[in-house]
Q: 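Can you keep this structure in mind? I'll have questions shortly.
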Amino acid sequence: MANIHEIKGRINGVQDTKKITNAMYLIASTKMRKAKEEMERSRPHFEAIRVEVKRIFRTVKDLESPYFYPPDRSKFVEGTYGILVITADKGLAGAYNINVIKETQKLLRSNADTRLFVVGEFGRQYFRRRNIPIEEDFHFSSEHPTLDLARKITVALLEEYNRGRLKKIFVVYTSLENRLSAKATSNRLLPFHRDYFGDKKKEEPITQEFDFVPSVNEVLEMVMDSYIAGFIHGALVDSFTAEQNSRMNAMSSANQNADDLLSDLSQEYNRRRQEVITGEIIEVSAGAMAQKRK
């Protein structure tokens with residue numbers, strides 16, 4: 001049974017830990033707010049590019065491109081998968097990193113011929129410890145999801161895809177659904193289905209022909225580069241936002257657990273203190289009675 005000094009020491013230790021978790025909560029809150037602002041600034045550009053790709057498809061009905069499935073999907077040739085895995089550089093974010101790893105493992109089980117492109121120190125260390133080979137291209141920090149970083153990743157992935165070394169490219173990241181919920185998801189980045197750019201609402205028919213200079217395929221290629229970079233940047237920012245949200249929830253739970261533990265320790269401390277005081281009173285009373293008898 002712990003004595004009063006040991007309990008007091010534990011109380012001090014829990015209070016010190018709570019100061020750290022509370023500070024981490026505030027830091028994560030600030031980072032998440034900035035990441036959300038960045039995501040909102042970049043979203044209109046991403047949506048505008050998507051509209052332009054859709055406009056090309058509405059204008060040129062028989063367009064063929066290596067970035068899209070052929071009209072007859074049965075002609076598509078399976079091959080090597082490339083998976084861009086976005087994890088955090090640090091832990092203490094609940095199940096954030098583990099959920100991304102689980103989603104990646106599902107893809108690895110579905111196709112043994114897979115190459116990994118990992119962003120985030122947690123993912124790199126996880127796969128290395130298990131002797132799962134990864135590409136050494138992306139030694140970037142997930143703490144700074146900039147558009148320049150997204151372009152560098154896009155260039156590396158498209159180089160492998162255009163050379164035929166990758167037949168499909170997936171992005172595994174975490175999407176923040178709401179304040180309390182984030183979901184690890186895998187999206188096929190390339191190739192696209194044409195219906196991905198289909199009309200979600202009825203639009204006015206195009207009556208005026210468009211001229212594409214130098215050609216429609218070259219225009220589409222330039223637009224797709226920006227579109228893919230925008231998609232990857234959105235995934236990086238979304239993942240970073242979800243990471244900070246998960247860390248906030250983890251630190252909030254840690255603070256609540258610390259409060260519960262402090263309440264239990266305070267009650268135990270008060271009981272021990274009362275026992276000590278009661279024992280001292282008994283000793284004084286017994287001594288006084290013995291002195292009186294003498």
Side-chain angles (χ1 to χ4, degrees), residues 66-70 72-142 145 149-150 152-177 181-196 228 231-243 245-247 249-250:
Y67 298 126
F68 294 87
Y69 273 91
D72 183 2
R73 297 180 184 180
S74 62
K75 294 182 180 180
F76 181 79
V77 180
E78 296 287 344
T80 304
Y81 285 7
I83 305 177
L84 175 63
V85 185
I86 302 176
T87 62
D89 290 329
K90 303 173 183 177
L92 298 177
Y96 169 82
N97 288 305
I98 297 301
N99 289 337
V100 174
I101 296 299
K102 288 181 179 178
E103 195 66 27
T104 304
Q105 289 174 333
K106 291 180 183 178
L107 290 174
L108 291 175
R109 286 192 295 267
S110 66
N111 186 16
D113 186 10
T114 300
R115 298 169 61 189
L116 292 178
F117 301 83
V118 182
V119 175
E121 190 62 28
F122 185 94
R124 284 194 287 268
Q125 294 300 326
Y126 178 89
F127 292 116
R128 283 175 180 170
R129 286 196 299 267
R130 288 157 180 79
N131 296 320
I132 300 176
I134 63 174
E135 297 298 320
E136 300 296 332
D137 297 334
F138 305 137
H139 287 282
F140 306 121
S141 171
S142 61
L149 168 59
K152 291 179 181 178
I153 296 175
T154 300
V155 169
L157 290 176
L158 285 181
E159 182 179 359
E160 297 298 303
Y161 184 82
N162 292 333
R163 291 184 177 182
R165 296 174 183 172
L166 299 176
K167 288 296 184 179
K168 289 184 180 181
I169 298 177
F170 293 85
V171 181
V172 181
Y173 68 102
T174 305
S175 175
L176 184 64
E177 296 180 337
S181 176
K183 181 181 180 181
T185 181
S186 61
N187 283 358
R188 188 185 65 251
L189 182 61
L190 289 173
F192 291 106
H193 285 311
R194 283 169 168 74
D195 54 13
Y196 179 80
I228 294 171
F231 186 97
I232 292 176
H233 179 249
L236 290 170
V237 176
D238 207 4
S239 293
F240 183 69
T241 305
E243 176 195 347
N245 183 72
S246 297
R247 183 165 289 113
N249 291 335

Q: Closest heavy-atom contact between P133 and N131?
A: CD-O, 3.6 Å
Q: When rounded to the nearest 0.5 angstrom, what distance separates NZ in K168 from CG in D113?
A: 12.5 Å
Q: Any chance you could measure R109, atom CZ, to K106, atom NZ, to the nearest 0.5 Å?
A: 8.0 Å
Q: Please assess F122 against I98 for the test side-chain contact (heavy atoms from CB on, under 4.5 Å), listing each intermediate value before the final yes or no.
A: CA-CA 9 Å; F122 185 94; I98 297 301; 4.1 Å; yes
Q: So which atom in A235 and which in V171 form the shortest heavy-atom distance, rounded to 0.1 Å?
A: CB-CG1, 4.1 Å
Q: Starting from the C-alpha separation in whole Å, work towards a yes-or-no answer on side-chain contact (heavy atoms from CB on, under 4.5 Å) for I228 and L157.
A: CA-CA 10 Å; I228 294 171; L157 290 176; over 6 Å; no
Q: Working note: T174 + E243, criterion side-chain contact (heavy atoms from CB on, under 4.5 Å); need CA distance, chi angles, decisive distance, verdict.
A: CA-CA 8 Å; T174 305; E243 176 195 347; over 6 Å; no
Q: Parallel, tilted or perpendicular: which one describes the rings of Y173 and F231, with boundaries at 30° and 60°?
A: perpendicular
Q: Can R115 be said to sit on top of F117's aromatic six-ring, NZ or CZ under 6.0 Å from centre and within 45° of the ring axis?
A: no
Q: Indicate the atoms forming the closest heavy-atom contact of Y81 with S110, along with that distance.
A: CE2-OG, 4.3 Å
Q: Which is it for I86 and L236 under the side-chain contact (heavy atoms from CB on, under 4.5 Å) test, yes or no, and what are the steps along the way?
A: CA-CA 7 Å; I86 302 176; L236 290 170; 3.7 Å; yes
Q: Report the distance from atom NZ of K183 to atom CG of N99, rounding to the nearest 0.5 Å.
A: 11.0 Å
Q: Can you name the nearest heavy-atom pair linking V172 to S186, along with the distance?
A: CG2-CB, 3.9 Å
Q: Could you check whether any side-chain N or O of N111 sits under 3.5 Å from a backbone N or O of G79, counting only pairs where one atom can act as donor and the other as acceptor?
A: yes
Q: Between T185 and S175, what is the shortest heavy-atom contact and its length?
A: CG2-CB, 4.4 Å
Q: Locate the shortest heavy-atom distance separating L107 from T114; write the atom from each residue and the value.
A: O-OG1, 4.5 Å
Q: Are any side-chain N or O atoms of N162 and backbone N or O atoms of L158, one a donor and one an acceptor, separated by less than 3.5 Å?
A: yes
Q: Rounded to the nearest 0.5 Å, what separates atom CD1 in I232 from atom CD1 in I169?
A: 8.0 Å
Q: To the closest 0.5 Å, what do you measure between CG (L190) and CG (L166)?
A: 9.5 Å
Q: Hey, could you give me the NE2/CD1 distance between H233 and I153, rounded to the nearest 0.5 Å?
A: 10.5 Å
Q: For K167, does its backbone N or O pair with a side-chain atom of T80 as donor and acceptor, under 3.5 Å?
A: no
